[in-house]
J.: 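Structure incoming, see below.
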There are 2 protein chains.
Amino acid sequence: MTDAHVGLAGQLSRLPQRQVLSDDVYETVKGLIMDSVVQPGTRLNIDALTRELGISQTPIRESLARLESDGLVIKEPLRGYRVSSRLTRDEFDDLFEYRLHIEPWAAGRAAQRAGTEDLARLKAEMLSYTDVPDRPAYESYRAMAAHDQRFHDLVLELSGNETARLSFARTHCHLHLFRLYYGGGIATKALREHKTVVTAVRKGDPEEAAAAMRAHIEASRARLRPIFDQE
Amino acid sequence: MTDAHVGLAGQLSRLPQRQVLSDDVYETVKGLIMDSVVQPGTRLNIDALTRELGISQTPIRESLARLESDGLVIKEPLRGYRVSSRLTRDEFDDLFEYRLHIEPWAAGRAAQRAGTEDLARLKAEMLSYTDVPDRPAYESYRAMAAHDQRFHDLVLELSGNETARLSFARTHCHLHLFRLYYGGGIATKALREHKTVVTAVRKGDPEEAAAAMRAHIEASRARLRPIFDQE
DNA sequence: CTTCGCAATATCCTATAGGATCTGGAGCCG
DNA sequence: CGGCTCCAGATCCTATAGGATATTGCGAAG
């Protein structure tokens, strides 16, 4: 289901969401980008996509227009679209510096504001991910990445600042991070760190929640940063 | 000229930007929204736009898809698009709370990093706005709003964190603020506050720059907040 | 063997057509 | 007079066509 992108007004249509073809294509292409089925920097050819997906150009053009505004593809007028590149080292550093500004504060605010139902949602999210030992490494990582994204989005939601949540969502942080690294093996530490954040939020201790989130993001950065040293 | 929305990769095409019709339509509709020619919440009718602009549906659909991802319009599938509403009081508060997180820090970083050329750019931006006494109030406000947006974007650029700059740009902060209030008469104070920020950046004093930016944003919030008390 | 030019083909962009869906107004009934 | 139902027209979405532009490959010349 496409997430309803809404403006700052936050007004969702009261109608149940109707899915049109361009929404499906949007999710499909976004998934191809996320999974690096389409390599960073490669061309997205509209005619080729019409053949592969068996649909006409119009929903493809519309979905590419949205992906362009999302920053996931780059339009080269009269030449086609290109998938945005993987994060460079500088962009990675910028992203985490930005996260360190927004997310510890958000965790602190969540600790201040969270009610019983909010805490139940956090608990449910923590329980939604269980590592299955036999699962292929890629699948495991994909599931963990999806959980990670939901978890961080939820903390931002519980902070009560919709601008911050939307701004973070629009960085497509987890999509970019997911494209950097495919391996498994980091879920255990990340989950432990998530748990520490939730414990602090449950206690209603803003400073502890902020510190836990800061520690988690710094650790996450440390886990991923060596990717750039390999090049 | 459409601003080139690029992903975190920051890779602009090396080609000179070619303007296609959908880019023109994007800027046109965005301008209509900014100027409240199209009132918040009203429907954008694709067939009507084809008649008014004298072009076909395709570039209109594409531009609306981009505006949807930008959060400036809301798609109601099979029913049309609606202009996102004006900021509510809560969204206004969220936006300024978010700004207070990002922009003082950015000003401090700009103070740390700004070289001679950067300082020249700041000075040029300050000089780019001159209030003309006879100018109609609306035009004066529009010019001030444009300067305000460029100024804040420049400070964020000089902070060196492209993620923060993009995230802030994607809130379309100034477009939303512009829609709230049309009157004139606030330029003098805002310009004075800008000048204080620039002075601190020029001195290379991060704390002073951060404090000046914080004071400016708080003052700006104080100037605009009473709009919600009138309702 | 390499480079340049040209042409054919691929691709992009926009116009147009038509079926599906929604909306608003008119008419009828209570 | 008000409310409900139905239908005509408006609107949306996608398919398709065609002109404009870019790309790639082949052939010829140096």
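Proteins come first, then strands; the chains are lettered A, B, ... in the order of their sequence lines, and each starts at number 1. Computed from a predicted model, the values in this text were never measured in an experiment.
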J.: Taking B:Asp35 first and then B:Arg142, would you say they form a salt bridge - that is, a charged N and a carboxylate O separated by under 4.0 Å?
T.: yes
J.: By nearest atom, which of the nucleotides C:dA15, C:dC12, C:dG18 is closest to the B:Pro59 side chain?
T.: C:dA15
J.: Take the protein atom CG of A:Leu78 and the nucleotide atom P of D:dA20, then report the distance between them rounded to whole Å.
T.: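 Rounded to the whole Å, the gap is 13 Å.
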J.: Between A:Gly80 and A:Thr58, name the one whose nearest nucleotide on DNA chain C is closer to the 5' end.
T.: A:Gly80
J.: Side chain of A:Arg79, heavy atoms from C-beta onward: which of D:dT23, D:dT16, C:dC22 has the nearest atom to it?
T.: D:dT23
J.: What is the nucleic acid contact for A:Ile60, judged by heavy atoms within less than 4.0 Å: base, sugar-phosphate only, or nothing?
T.: nothing
J.: Is the NZ or CZ atom of B:Arg165 positioned over B:Phe168's six-membered ring, under 6.0 angstrom from the centre and within 45° of the axis?
T.: no
J.: What is the distance, rounded to the nearest whole Å, between atom NZ of B:Lys75 and atom C1' of D:dC13?
T.: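 Interatomic distance, NZ of B:Lys75 to C1' of D:dC13: 10 Å.
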J.: Check every strand shown and say whether B:Leu49 touches a base, only sugar-phosphate, or nothing at a heavy-atom separation below 4.0 Å.
T.: nothing
J.: Tell me the interatomic distance from B:Tyr26, atom OH, to C:dC13, atom P, rounded to whole angstroms.
T.: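 Distance, rounded to whole Å: 17 Å.
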J.: Could you tell me whether a side-chain N or O of A:Asp94 sits under 3.5 Å from a main-chain N or O of B:Glu162, the two making a donor and an acceptor?
T.: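 Looks like yes, one N/O pair under 3.5 Å.
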J.: Going by heavy atoms in the side chains, are A:Asp229 and A:Arg89 under 4.5 Å from each other?
T.: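 A side-chain contact under 4.5 Å exists here.
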J.: Using whole Å, what does the distance between atom P of nucleotide D:dC13 and atom CG of A:Asp23 come to?
T.: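 From A:Asp23 CG to D:dC13 P: 9 Å.
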J.: Between A:His176 and A:Thr171, which heavy-atom pair has the shortest distance, and what is it?
T.: CD2-O, 3.2 Å
J.: Verify the contact: side-chain N or O of B:Arg61 to OP1 or OP2 of D:dC13, cut-off strictly under 4.0 Å; return yes or no.
T.: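 Yes.
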J.: Is there a side-chain contact between A:Asn45 and the phosphate of C:dA10, meaning an N or O under 4.0 Å from OP1 or OP2?
T.: no
J.: From the options C:dT21, C:dT14, D:dA15, select the nucleotide whose nearest atom is closest to the side chain of B:Leu21.
T.: C:dT14
J.: Is A:Arg51 touching bases, backbone alone, or none of the nucleic acid, heavy atoms closer than 4.0 Å?
T.: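 Here A:Arg51 touches the backbone only, sparing every base.
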J.: What's the CZ-P distance between A:Arg43 and D:dT24, to the nearest Å?
T.: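 Atom-to-atom, A:Arg43 to D:dT24, this comes out as 8 Å.
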J.: Starting at atom CD1 of B:Ile46, determine the distance to atom C1' of C:dT16, rounded to an integer number of angstrom.
T.: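 The answer, rounded to whole Å, is 15 Å.
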J.: What is the distance from CD of B:Gln19 to P of D:dT21, rounded to the nearest Å?
T.: 15 Å
J.: Using the side-chain heavy atoms of A:Ile55, tell me which of these nucleotides is nearest: D:dA15, D:dC13, C:dC12.
T.: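 Minimum distance to the A:Ile55 side chain belongs to D:dA15.
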J.: Can you tell me how far P of C:dT14 sits from CG of A:Leu64, to the nearest Å?
T.: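 Going from CG in A:Leu64 over to P in C:dT14 covers 14 Å.
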J.: Using the side-chain heavy atoms of B:Val20, tell me which of these nucleotides is nearest: C:dC12, D:dC13, C:dT14.
T.: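 Selected nucleotide: C:dT14.
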J.: Any side-chain N or O of A:Ser56 less than 4.0 Å from the OP1 or OP2 oxygen of D:dT14?
T.: no
J.: I want to check something: taking the side chain as every heavy atom from C-beta on, are A:Arg179 and A:His172 in contact at a cut-off of under 4.5 Å?
T.: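 SC-SC contact between A:Arg179 and A:His172 ruled out.
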J.: Regarding A:Asp47, tell me which of base, sugar-phosphate or nothing describes its non-hydrogen contacts under 4.0 Å with the strands shown.
T.: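 Base, at least one base atom sits under 4.0 Å.
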J.: Report yes if a donor N or O on one partner sits less than 3.5 Å from an acceptor N or O on the other, where the partners are the side chain of B:Gln57 and the base of D:dC13; otherwise report no.
T.: yes
